[in-house]
Number of protein chains: 2
Amino acid sequence: MAIVATVSTGTFLTPLCMSCSVRSASVCSAIKDQDVPRLAGIATVMDVAVGKLLIEAGEQALYFFNVSSGAAKLYRLLPDGRRHIIGFVRSGDFLGLAAGEDYAFSAEALTPLKVCRFTRKKLYDLLSDFPAMERRLLQAASNELAAAQDQMLLLGRKTARERVASFLRSEAAHTPSAQGHSWALLMTRGDMADYLGLTIETVSRTMTALRKCGVIAISTASDVSIEDTAALESIADGTLLN
Amino acid sequence: MAIVATVSTGTFLTPLCMSCSVRSASVCSAIKDQDVPRLAGIATVMDVAVGKLLIEAGEQALYFFNVSSGAAKLYRLLPDGRRHIIGFVRSGDFLGLAAGEDYAFSAEALTPLKVCRFTRKKLYDLLSDFPAMERRLLQAASNELAAAQDQMLLLGRKTARERVASFLRSEAAHTPSAQGHSWALLMTRGDMADYLGLTIETVSRTMTALRKCGVIAISTASDVSIEDTAALESIADGTLLN
DNA sequence: CGAATTTTTGATTTATCTCAACAACCGTGG
DNA sequence: CCACGGTTGTTGAGATAAATCAAAAATTCG
């Protein structure tokens with residue numbers, strides 16, 4: 001099911017780590033240059049094609065991942081097929097902290113995806129020698145936890161309009177090229193719906209409504225821009241009522 | 001606002017730590033007996049009365065807490081007063097990992113509450129000498145993250161009936177005395193509603209419906225018992241449709 | 001005991017969902 | 001390069017789960 005192409009494994013990945021474009025922004029930044037070979041020694045670099053699974057719910061949770069490039073969606077299913085997307089990961093994000101014995105969620109590539117895979121046990125062993133990395137992981141978990149609480153507030157108490165506005169604000173914040181310009185949404189209306197606890201139709205209608213009142217512009221379905229940042233903010237935060 | 005009674009601070013808390021009833025079940029279990037004085041040295045024991053705030057949203061996040069006894073609800077507010085309860089903490093739970101610079105949530109005692117308070121900075125300093133405790137914190141954060149994902153699925157995709165059933169199952173699991181018996185819910189219908197993304201009326205009606213079909217029994221509003229565990233399970237997991 | 005709060009129940013409204021049809025877009029292969 | 005089938009997105013009309021409004025009942029607590 002989870003078809004992936006393993007590129008390579010082991011210490012000879014050292015040069016890849018040294019030149020890794022997300023190293024400084026990821027948990028790996030806690031490892032000093034001279035120790036990188038130890039990190040590279042337990043890493044496997046993998047490529048995942050769009051639509052393929054990186055993680056499948058129910059599998060034994062053997063690995064952690066660090067995203068080098070691309071993006072993925074994480075989702076859970078109810079027995080009758082209802083789906084909920086619990087989050088997205090992108091360049092620099094660390095993946096797998098939330099898992100227990102088995103993965104509770106699946107992870108599917110939204111774009112061509114490149115990840116570094118670490119065996120859980122080996123990474124834990126490594127952490128004993130690199131407390132700075134463990135501190136970074138704790139920091140990452142704290143940030144994720146805070147984000148999860150934001151999302152719970154959104155799902156529990158925000159209107160469709162507020163949810164979509166919050167989502168667009170967050171996406172723009174995660175997309176450097178979005179500052180003042182249009183950008184390409186990585187996800188379909190269906191993904192947005194399953195992330196925001198809505199239906200495709202409601203997401204579509206709400207996007208259209210935000211466009212019609214001048215808050216955003218939509219050229220293609222996936223190519224959007226924020227036209228009125230202040231208005232989007234106040235809708236997202238629930239300051240505006242109408 | 002957050003009126004609390006500080007009982008005592010410092011190394012002479014050591015005997016309190018040594019005899020602490022939740023030590024073995026909390027992150028403090030990572031500290032060996034001979035090192036307990038160092039832990040006690042940075043702790044402050046506090047009592048919080050029912051309805052009082054332990055943490056107020058917006059305050060600088062200076063502290064971590066470990067709950068010795070009692071329970072509290074954690075909540076966030078939208079500007080217009082909509083409230084969402086992001087979770088509950090009980091004996092043994094560690095509190096404050098999710099915070100950034102400031103607390104994003106408030107914490108209010110549901111019962112008379114006893115907590116150990118640690119200054120963030122001091123605890124972080126201590127962690128350098130006790131990697132086992134840092135590992136425990138990472139573990140705690142992972143568990144919270146997994147729970148948050150469960151809750152997101154609940155809020156995003158479950159029906160009122162499924163939400164209430166999930167809540168009752170989880171409460172029973174957190175309450176040793178609930179196994180096969182009735183127990184006292186710590187929270188009001190309003191708290192349940194704000195936790196489950198529903199209204200008071202919907203929670204009340206749903207509880208009544210679950211009682212009428214024999215899944216639960218309700219003697220007092222707060223005194224409930226599970227009469228048909230299998231049915232509750234399948235409702236909670238979305239296996240049952242009706 | 002009695003005021004205040006919480007809970008339950010009923011009647012009605014509404015935001016969002018569902019069902020349905022059509023339009024736009026996308027990748028593929030002729 | 002364009003036609004074509006499949007997917008994704010939009011829009012409309014109607015249905016519905018849950019919200020809102022309202023009032024009575026039960027419970028709590030000073």
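Below, chain A is the first sequence line, B the second, and so on; all start at residue 1. Note that these values count all heavy atoms, side chains included, but never hydrogens, waters or copies made by symmetry.
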Whole angstrom is fine here: how far is it from CG in L198(A) over to C1' in dA18(D)? 15 Å
Are T208(A) and dT11(D) close enough that a side-chain N or O sits under 4.0 Å from OP1 or OP2? yes
Rounded distance in Å - CE (M207(A)) to P (dT8(D)): 16 Å
Checking dT27(D), dA18(D), dT10(D) against the side chain of A160(B) (C-beta onward), the nearest is dA18(D)
Give a yes or no answer on whether the side chain of Q179(A) reaches the backbone of A172(A) with a donor-acceptor pair at less than 3.5 Å. yes
Side-chain heavy atoms of D47(B) within contact of L113(B), under 4.5 Å: no
If you go through the side-chain atoms of R205(B), does one of them form a donor-acceptor pair with the base of dG10(C) closer than 3.5 Å? yes
D223(A) CG to dA24(C) C1': how many Å, rounded? 15 Å
Whether the side chain of R211(A) and the base of dT11(D) hold a donor-acceptor pair under 3.5 Å is what I'd like checked. no
Look at all strands and tell whether T188(B) reaches a base, only sugar-phosphate, or nothing, counting heavy atoms closer than 4.0 Å. sugar-phosphate
Starting at CE of M187(A) and ending at P of dG9(D), how long is that distance when rounded to a whole Å? 12 Å
Could you state the CD1-C1' distance from I200(A) to dT8(D), rounded to the nearest angstrom? 8 Å
Between K212(B) and V203(A), which is nearer to the 5' end of DNA chain C once each is assigned its nearest nucleotide? K212(B)
Counting heavy atoms from C-beta on, name the nucleotide in dA22(D), dA20(C), dC25(C) closest to the side chain of E201(B). dA22(D)
Please identify which of these residues, T188(B), D191(B), D194(B), meets the side-chain hydrogen bond (donor to acceptor under 3.5 Å, both in side chains) condition with K73(B). D191(B)
By nearest-nucleotide position on DNA chain C, the 5'-leaning member of I218(B) and T199(A) is I218(B)
Here the distance between atom C1' of dG9(D) and atom CE of M192(A), to the nearest Å, is 11 Å
Closest to the side chain of R189(A), out of dT16(C), dT9(C), dT10(D), is dT10(D)
Verdict with supporting geometry, F64(B) and F94(B), ring pair (Phe, Tyr, Trp, His ring centres under 6.0 Å): CA-CA 7 Å; F64(B) 288 124; F94(B) 191 80; 5.2 Å; yes
Rounded to the nearest Å, what distance is computed from the CZ atom of residue R82(B) to the C1' atom of nucleotide dA19(D)? 13 Å
Which nucleotide wins on minimum distance to the side chain of T159(A), given the candidates dG10(C), dT16(C), dT10(D)? dT16(C)
Output yes when at least one side-chain N/O atom of T202(B) is less than 4.0 Å from OP1 or OP2 of dA19(D), else no. yes
Let me know the distance between CG of L154(B) and P of dA18(D), rounded to the nearest Å. 12 Å
Checking R163(A) side chain against L155(A) main chain: does a donor-acceptor pair fall under 3.5 Å? yes
